[in-house]
Amino acid sequence: MALLLGSAGLQAEQLAVEARRGDGIYSLLRRYDLVAYGCNIDEFKRLNRLTNSSKLLVGYRYELPIEVFRYDGTSIRSTTGNDDWDRAVAIKEYNESLLASGLRESDYRQDMLLYVPYHIDHCSGNFSQVKREPDIVNLGENAGSEEELDRLKDRAADRQPIAVPDQVTLAGPRTFKIFGERYAQVPLIDRELAGRIFYIVAGHGGPDPGAVGRRGNHLLAEDEYAYDVALRLCRNILEHGGTPYMIIRDENDGIRDEEYLTPDSDETVWGGASLPRNQKSRLFQRSDIINALYEENLAKGIIDQTMIAIHIDSRHRGQRIDVFLYYPEGDLRGAHRAEQIQRTFSAKYDQYRPGRGYEGSVSERDLHMLRETKPSGVYIELANIANPSDQQRIIEPRNRQLLADWLLLGLID
């Protein structure tokens, strides 16, 4: 371990571990519960002078984004020189999780070595613009000593990621900056989706705009329109008490009510890491993050977790399509979700455009985001971006909201 000054200016060491056969950057960091936060990934690359395409060498020691302090026998706060109680709770829980998974041989109070992961002090905010409601048990209020943590944790063991009071009227509008100024205030309408988690993945992004269409002098980029629908769906889920994770993020855009959305390439992923240029790396980056979050939430007892990937297809200009839905091979839950969404769209078309007919389909498909993610998944193609009629479905802001609304209805069983 390399000697350094820790984040509080106290003496610490950098934890170094050997890479195992088959380890890559994400699999190694995932083993230590670090992959969910983009700042950990960036710091690991910086510490070891790696790039996105670097391969890890079996048996070679790599420094992890984890500082190791000599525990002073009194408290985590005095050991690290930081009096923040919630921070101490997070550090304690992190060390306990490594002990439970066999990555530590003994408790930090026995070997006197305290691990402090990089993200606790260096990831901005709470790792998401989606603000969480206060927990039922507030571990930061009126806490007397760290010895109380076990008792408090027992009381909090069954809490959900968002703990909403039973009386909906007690929950006023919440503020989520990621939706933009106009839509930042999100009311809690009901709790129909309480206890359910959704990983919302807008297709492409960063260096890859995805499918591209043209309408007059305007360029239509798949990633911009898929992202806007994904944001609207995320907001809808929050309104009904669900827990959505926006995996692809653009902190500058928000929900936009313009027809023509200006393409850019500044999207990031959950945790703040940039999107790599290599397509395979981009796909594994987002599936690894989803899988890490899935395991974290599963450990809390949350079983109902769904991945929703939102895309826009590109076909021959003259081909009109309805919404197509795909699910992983053999995934009965994914098939049910996809069929429920398809039935919702078909019913809505019969209601608002009687006689038109609806030809959207549901089928199995071997796609990375369905194959490589652990939660049950649904992959959605909203339109043909090259077809002038289909373009109306995505360029009209009202239509984008309807797409998000109907997707929501399909998710509410």
Side-chain angles (χ1 to χ4, degrees), residues 24-42 44 65 90 93-94 96-98 100-101 103 117-120 123-133 135 156-163 176 178 193-203 205 230-231 233-234 237-238 241-249 267-275 281-310 328 331 333-334 337 368-379 411:
I25 292 175
Y26 288 95
S27 59
L28 176 58
L29 294 180
R30 181 168 60 246
R31 187 155 63 244
Y32 283 84
D33 291 331
L34 298 169
V35 77
Y37 308 114
C39 63
N40 286 333
I41 299 169
D42 292 338
F44 178 77
E93 291 179 341
Y94 180 75
E96 289 176 344
S97 72
L98 294 187
S101 63
L103 292 170
Y118 184 82
H119 63 262
I120 285 181
C123 278
S124 60
N126 62 350
F127 322 123
S128 163
Q129 291 298 329
V130 178
K131 171 185 171 186
R132 301 191 185 284
E133 289 294 311
D135 288 330
D158 295 328
R159 65 189 175 184
Q160 299 297 324
I162 295 182
F176 306 95
I178 195 170
L193 295 176
R196 296 177 61 183
I197 288 177
F198 300 89
Y199 305 103
I200 311 299
V201 190
L231 268 187
L233 175 59
C234 180
I237 291 170
L238 281 167
T243 303
Y245 290 82
M246 278 294 294
I247 302 301
I248 304 300
R249 313 170 65 81
E267 289 85 6
T268 60
V269 289
W270 175 273
S274 58
L275 278 62
S281 297
R282 282 199 306 275
L283 291 173
F284 272 104
Q285 180 188 53
R286 56 195 73 182
S287 60
D288 279 345
I289 289 171
I290 290 170
N291 290 340
L293 291 169
Y294 171 83
E295 292 293 350
E296 177 184 326
N297 288 314
L298 191 63
K300 299 174 183 177
I302 305 167
I303 299 173
D304 196 335
Q305 304 186 51
T306 306
M307 188 280 300
I308 305 291
I310 297 179
D331 182 358
R333 179 174 290 184
R337 294 265 190 264
H368 177 96
M369 291 305 295
L370 294 175
R371 182 182 65 251
E372 300 295 336
T373 52
K374 294 182 179 181
S376 179
V378 178
Y379 188 105
L411 293 174

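With a 4.5 Å cut-off on side-chain heavy atoms, N291 and E295 do not count as touching. L34 has its side chain out of reach of F44: every pair of non-hydrogen atoms, C-beta onward, lies at least 4.5 Å apart. Between M246 and W270 there is no side-chain heavy-atom pair separated by less than 4.5 Å. Between D304 and I197 the shortest side-chain heavy-atom distance does not fall below 4.5 Å. In this structure, the side chains of T306 and R337 come closer than 4.5 Å at one or more pairs of heavy atoms. For the pair L411 and L233, the minimum side-chain heavy-atom distance is below 4.5 Å.
In this structure a side-chain-to-backbone donor-acceptor pair under 3.5 Å is present from N40 to H119.
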For this session: For L293 and I247, run side chain to side chain contact (heavy atoms under 4.5 Å, CB included): C-alpha distance rounded to whole Å, both residues' side-chain angles, the deciding distance at 0.1 Å, then the answer.
Result: CA-CA 10 Å; L293 291 169; I247 302 301; 4.2 Å; yes
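Counting non-hydrogen atoms of other residues, nucleotides and ligands closer than 6.0 Å to CG of L298 gives a total above 12.
Of all non-hydrogen atoms in L283 and M369, the two that sit nearest each other are O-SD, 4.1 Å. Between G334 and S376, the shortest heavy-atom contact is N-OG, 2.9 Å.
A distance of 10.5 Å separates OG1 in T373 from OH in Y199, rounded to the nearest 0.5 Å. For the atom pair CD1 of I310 and CD1 of I248, the computed distance is 12.0 Å after rounding to the nearest 0.5 Å. Atom CG of L98 is separated from atom CD of E93 by 12.0 Å, given to the nearest 0.5 angstrom. The distance from atom OG of S97 to atom CD of E296, rounded to the nearest 0.5 Å, is 9.5 Å. Interatomic distance, CD1 of I200 versus CZ of F198, reported as 7.0 Å (0.5 Å rounding). Atom CG in D42 sits 8.5 Å away from atom OH in Y118 (nearest 0.5 Å).
For the side-chain contact (heavy atoms from CB on, under 4.5 Å) test, residues two or more places apart in sequence or in another chain that qualify with A90 are I120. For D331, the salt bridge (Lys or Arg N to Asp or Glu O under 4.0 Å) test picks out no residue, with sequence neighbours left out. R31 meets the side-chain hydrogen bond (donor to acceptor under 3.5 Å, both in side chains) test with D23; sequence neighbours excluded.
The side chain to side chain contact (heavy atoms under 4.5 Å, CB included) test with S287 is passed by exactly one of E372, R371, M307, R282: E372.
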